Amino acid sequence: MGRGRVELKRIENKISRQVTFSKRRCGLLKKAHEISVLCDADVALIVFSTKGKLFEYSSTDSSMESILERYERYSHAEKRLTALHDQSEPQDNWSVQYPKLVSKIELLQRNIRHYMGEDLDPLNLRELQSLEQQLDTSLKRIRTRKNQLMQESVSELQKKEKALQEQNNSLAKKLKESEKVDSDQQTQLVQRRLVQSSTAMLLPDPPPHSSLQLPSLTIGGPFLATGGGMDEGGGGAQDRHGSKSLVPPWLLPHIN
């Protein structure tokens, strides 16, 4: 039986992958040796395993260093030639690039006129149908984008409305609390005034000023003020002006 075709993909089993690496590495080194001997070619082979281990092979007549040095010289020279070619190409091909750019500009301008509905006479039925299909596709994309923008705008407005509604509810709640506090303060003030008025009504009225009686200043007590202080005519002691006096008669000469 012939060997079946192996699918080239990474081997998931670690042991199988290591065994396959060892076998293929040996085969690769053998092929490199064969091509160097049969074709008289300078061959250099470098292999790094997954663990970073180095495996190399170089031809018998040449060392690895000499082959790598030749490779670096060739690679550097090739890069310089490529860079010089890229720098000189626009100048050398300017005369060729200019007509291409002019034709592209004309094509774009003609397409723009067709999209605007102008210069449609040279077009045949198939080209008109293709143009119509392109316009329909463009309109569908435009409408889809327009609907998307409208939905985003509506969603944004709904969010703003919700935020404003929450703010309104918060302000209404604060207003109710403020009104409740004011009402409680007014109620307490009315009750305080009622208590004060009722207290004032329960207190007795103060005596008038005219009914206040001063204490007797008569020396000797009430007897002198009522009986002993009266003169021979039975009246009370009077001063020079004829008014009654609370001072005893024997003190009047000293006062006068």
Side-chain angles (χ1 to χ4, degrees), residues 2-13 16-17 20-21 24 27-28 31-32 35 39 41-50 52 67-172:
R3 185 172 59 181
R5 187 175 181 179
V6 179
E7 185 179 1
L8 293 179
K9 66 177 183 178
R10 182 176 182 274
I11 300 174
E12 299 298 334
N13 192 348
S16 300
R17 185 168 63 246
T20 303
F21 174 76
R24 296 289 179 132
L28 185 61
K31 292 293 182 181
I35 194 174
C39 301
D42 294 334
V43 180
L45 176 63
I46 299 175
V47 179
F48 285 97
S49 66
T50 55
I67 295 175
L68 291 177
E69 185 178 357
R70 288 176 60 188
Y71 170 76
E72 290 179 357
R73 288 199 305 268
Y74 178 81
S75 177
H76 182 67
E78 186 178 5
K79 290 179 179 179
R80 291 186 61 186
L81 289 174
T82 304
L84 292 174
H85 180 70
D86 293 338
Q87 292 178 0
S88 61
E89 184 177 1
Q91 299 178 358
D92 297 339
N93 297 333
W94 178 256
S95 59
V96 178
Q97 294 292 331
Y98 177 74
K100 292 182 179 179
L101 294 175
V102 172
S103 62
K104 287 182 179 180
I105 292 173
E106 291 178 353
L107 178 61
L108 291 174
Q109 291 177 351
R110 185 169 62 252
N111 290 334
I112 291 173
R113 290 195 299 271
H114 291 166
Y115 293 148
M116 296 296 294
E118 301 175 356
D119 196 11
L120 299 177
D121 295 335
L123 301 179
N124 55 21
L125 180 61
R126 182 174 296 176
E127 292 175 347
L128 289 173
Q129 289 177 351
S130 177
L131 179 62
E132 183 181 7
Q133 185 177 1
Q134 292 177 4
L135 291 174
D136 289 338
T137 304
S138 300
L139 285 174
K140 289 180 181 179
R141 292 178 181 176
I142 292 170
R143 287 167 182 164
T144 302
R145 179 59 181 168
K146 183 187 72 174
N147 293 331
Q148 183 180 359
L149 289 177
M150 291 178 65
Q151 290 178 358
E152 291 177 357
S153 178
V154 170
S155 178
E156 188 69 21
L157 290 175
Q158 288 178 352
K159 290 181 181 179
K160 289 182 179 180
E161 181 184 4
K162 185 177 179 180
L164 291 174
Q165 187 66 31
E166 292 178 355
Q167 186 177 2
N168 189 15
N169 294 334
S170 178
L171 292 175

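Keep in mind it's a predicted model, so treat the numbers as computed, not measured.
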Rounded to the nearest 0.5 Å, the CZ atom of Arg143 sits from the CG atom of Asn147 at a distance of 9.5 Å
Would the distance check show the side chain of Ser16 and the main-chain N or O of Asn13 forming a donor-acceptor pair, the cut-off being under 3.5 Å? no
Between the NZ atom in Lys100 and the OG atom in Ser103, the distance rounded to the nearest 0.5 Å is 9.0 Å
The side chain to side chain donor-acceptor pair (under 3.5 Å) partners of Gln134 (sequence neighbours excluded) come to Tyr115
Next on the checklist: So Lys146 and Met150, do their side chains get closer than 4.5 Å, heavy atoms only?
Outcome noted: yes
**Prompt:** Got more than 12 heavy atoms from elsewhere within 6.0 Å of CG, Leu135?
**Reply:** yes
When rounded to the nearest 0.5 Å, the distance separating CD of Gln148 from CZ of Arg145 is 5.0 Å
Item checked: Any side-chain heavy-atom pair of Phe21 and Thr50 under 4.5 Å -> no
Does Arg113 use its side chain to pair, donor to acceptor, with the backbone of Glu118 at less than 3.5 Å? no
Do any N or O atoms from the side chain of Thr144 and from the backbone of Lys140 form a donor-acceptor pair under 3.5 angstrom?
yes
message = Can you confirm whether Leu131 sits close enough to Leu120 that some side-chain heavy atom of one is under 4.5 Å from a side-chain heavy atom of the other?
response = yes
d(Asn124 CG, Ser130 OG) to nearest 0.5 Å is 10.0 Å
Look only at the side chain of Asn111 and the backbone of Leu107, and say whether a donor-acceptor pair between them is shorter than 3.5 Å. yes
Rounded to the nearest 0.5 angstrom, the CD-CG distance for Glu132 and Leu125 is 9.5 Å
- For Gln133, look at atom CD and say whether over 12 heavy atoms of other residues, nucleotides or ligands are found less than 6.0 Å away. no
Indicate yes or no: does Glu161 engage Lys159 in a salt bridge with an N to O separation below 4.0 Å.
no
One should read off an interatomic distance between Ile105 CD1 and Leu101 CG, to the nearest 0.5 angstrom, of 6.5 Å
query = Checking salt bridge (Lys or Arg N to Asp or Glu O under 4.0 Å) for the pair Glu12/Arg10: CA distance, chi angles, key distance, verdict?
reply = CA-CA 6 Å; Glu12 299 298 334; Arg10 182 176 182 274; 3.4 Å; yes
When every non-hydrogen atom of Val43 is compared with those of Ile67, the smallest separation belongs to O-CD1, 3.5 Å
His114 side chain vs Asp119 backbone, donor-acceptor pair below 3.5 Å: yes
### Query
Sub-3.5 Å donor-acceptor pair from the side chain of Ser155 to the main-chain atoms of Gln151, do we have one?
no
